[in-house]
2 protein chains.
Amino acid sequence: MSDVLSIGELGRAAGAKVETVRYYERIGLLAPPRRTAGNYRAYDRSHLNRLSFIRRSRDLGFSLDQVRALLDLADQRDRPCAAVDEIARAHLAEVERKIADLTALRDELEGMVHQCRHGAVRDCGIIEALSPESGRQAPLPHGA
Amino acid sequence: MSDVLSIGELGRAAGAKVETVRYYERIGLLAPPRRTAGNYRAYDRSHLNRLSFIRRSRDLGFSLDQVRALLDLADQRDRPCAAVDEIARAHLAEVERKIADLTALRDELEGMVHQCRHGAVRDCGIIEALSPESGRQAPLPHGA
DNA sequence: GCTTGACCCTGTAGCGGCTACAGGGTCCAT
DNA sequence: ATGGACCCTGTAGCCGCTACAGGGTCAAGC
């Protein structure tokens with residue numbers, strides 16, 4: 001149980017690949033650790049905490065920019081957390097939007113799949129539904 | 001009402017940007033049209049149909065590879081449409097998976113947001129939930 | 001006939017968030 | 001001294017566009 005972690009150990013501990021850890025350092029998300037005599041990165045507990053925070057945020061779907069903002073905020077311990085709340089709520093709203101879009105999509109795909117009469121392509125309801133002469137415009141994902 | 005469309009007209013008619021149309025040509029998804037004397041692309045109705053098919057498929061979330069496969073299949077009018085059905089079903093299954101993942105995500109984000117007691121960052125439930133010492137592992141998106 | 005401005009052309013680079021090399025160096029056990 | 005696991009840097013690739021830069025073309029208006 002040393003207090004120093006190699007990049008591989010850090011990655012395993014936080015659930016990130018080695019290349020990803022280096023990538024986070026490159027883009028300034030994770031502070032560069034000190035180096036050993038052999039130029040290996042030597043991480044400590046604070047890096048592990050930081051990286052775990054990042055990974056967990058990413059797993060929850062926050063963008064790297066959002067993670068950056070959350071990290072900054074997390075460091076300003078005595079300011080009000082309204083900004084944190086705002087980021088989380090914005091993300092929640094977006095997730096809800098995506099769910100709605102995907103649900104509409106699912107319904108449409110289900111309709112399409114039901115139209116398949118398992119015959120030749122010429123009579124295929126799916127192809128027909130995708131073709132411009134039959135299917136009109138798709139009801140479509142918000143952002144498109 | 002000419003039968004020939006410029007790239008801009010084609011794009012407007014099918015709901016794609018000019019750059020996107022050129023991109024589809026470059027990657028071999030849309031056949032190169034003939035050119036005018038001034039080297040402008042001159043599209044006809046068949047290109048419009050093709051591009052509309054592509055856009056509608058994309059709007060429904062099919063990947064460009066899936067679209068390519070669907071286009072190939074659509075051209076083989078007398079073969080059975082089982083392959084078409086398979087692509088559509090695979091995509092439907094993936095959409096359903098994404099909905100499930102996002103729904104779990106939403107629940108977790110909602111839980112987080114509810115923890116916000118609107119005080120200082122040091123007491124923020126959201127930051128706490130993201131921090132390694134408090135929040136355990138996220139229940140996570142399938143593919144991650 | 002000359003200018004203006006909308007359109008078109010090619011080619012290349014960028015986005016996010018990694019991932020995957022290539023081509024080397026280090027460290028530790030045998 | 002040698003093998004293999006790990007580490008280093010740097011660069012290019014993935015998807016599906018999008019956005020330039022730096023030019024050419026065309027039709028309308030003066």
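Each chain gets a letter, A, B and so on, in the order its sequence line appears, and its residues count up from 1. What you are looking at is a predicted structure, and each value in this text was computed from that prediction instead of being measured.
Distance alone, capped at 3.5 Å, places no donor-acceptor pair between the B/D65 side chain and the B/R68 backbone. Checked by atom type and distance alone, the side chain of A/R56 pairs as donor or acceptor with a backbone atom of B/A129 at under 3.5 Å.
Neither OP1 nor OP2 of D/dT18 sits under 4.0 Å from any side-chain N or O of B/R26. Distances shorter than 4.0 Å separate none of the side-chain N or O atoms of B/S63 from OP1 or OP2 on D/dC15. The phosphate of D/dG16 (OP1 or OP2) has no side-chain N or O of B/T20 nearer than 4.0 angstrom. For the OP1/OP2 pair of C/dC8 and a distance below 4.0 Å, the side-chain nitrogens and oxygens of B/S6 include at least one atom meeting the criterion.
Between B/Q66 atom CD and D/dC15 atom C1' the separation is 13 Å, expressed in whole Å. Atom pair B/R35:CZ and D/dC26:P shows a separation of 13 Å (rounding to whole Å applied). One can place CG of B/L10 at 11 Å from P of C/dC9, the figure rounded to the nearest angstrom. Distance CD (B/E9) to P (D/dA27): 12 Å, rounded to an integer number of Å. Atom CD in B/E19 sits about 13 Å away from atom C1' in C/dT10, given to the nearest Å. C/dC21 atom P lies 11 Å from atom NZ of A/K17, rounded to whole Å. Distance CD (B/E25) to P (C/dC8): 14 Å, rounded to an integer number of Å.
No side-chain donor from either of B/R34 and B/Y40 sits under 3.5 Å from a side-chain acceptor of the other. Side chains of B/Y43 and B/R50: no donor on one and acceptor on the other come within 3.5 Å.
Side-chain proximity of B/Y23 to the nucleotides D/dT9, C/dC18, D/dT18 is greatest for D/dT18. For B/R22, taking side-chain heavy atoms from C-beta onward, the closest of the listed nucleotides D/dG16, C/dC9, D/dC6 is C/dC9.
Looking at heavy atoms from C-beta onward, A/E96 lies in side-chain contact with B/R106 at the 4.5 angstrom threshold.
A/I7 comes within 4.0 angstrom of the backbone, heavy atoms only, and of no base. B/T36 comes within 4.0 angstrom of no nucleic acid atom, judged by non-hydrogen atoms across all strands. Within 4.0 Å (heavy atoms only), B/R68 reaches no atom of the nucleic acid at all.
Ranked by how close their nearest DNA chain C nucleotide is to the 5' end, A/Y24 and B/R41 are led by B/R41. Looking at which nucleotide of DNA chain C each of B/N39 and A/R58 is closest to, the 5′-most match is held by B/N39.
For a distance-only test at 3.5 Å, the side chain of B/Y40 qualifies as a donor-acceptor partner of the base of D/dG24.
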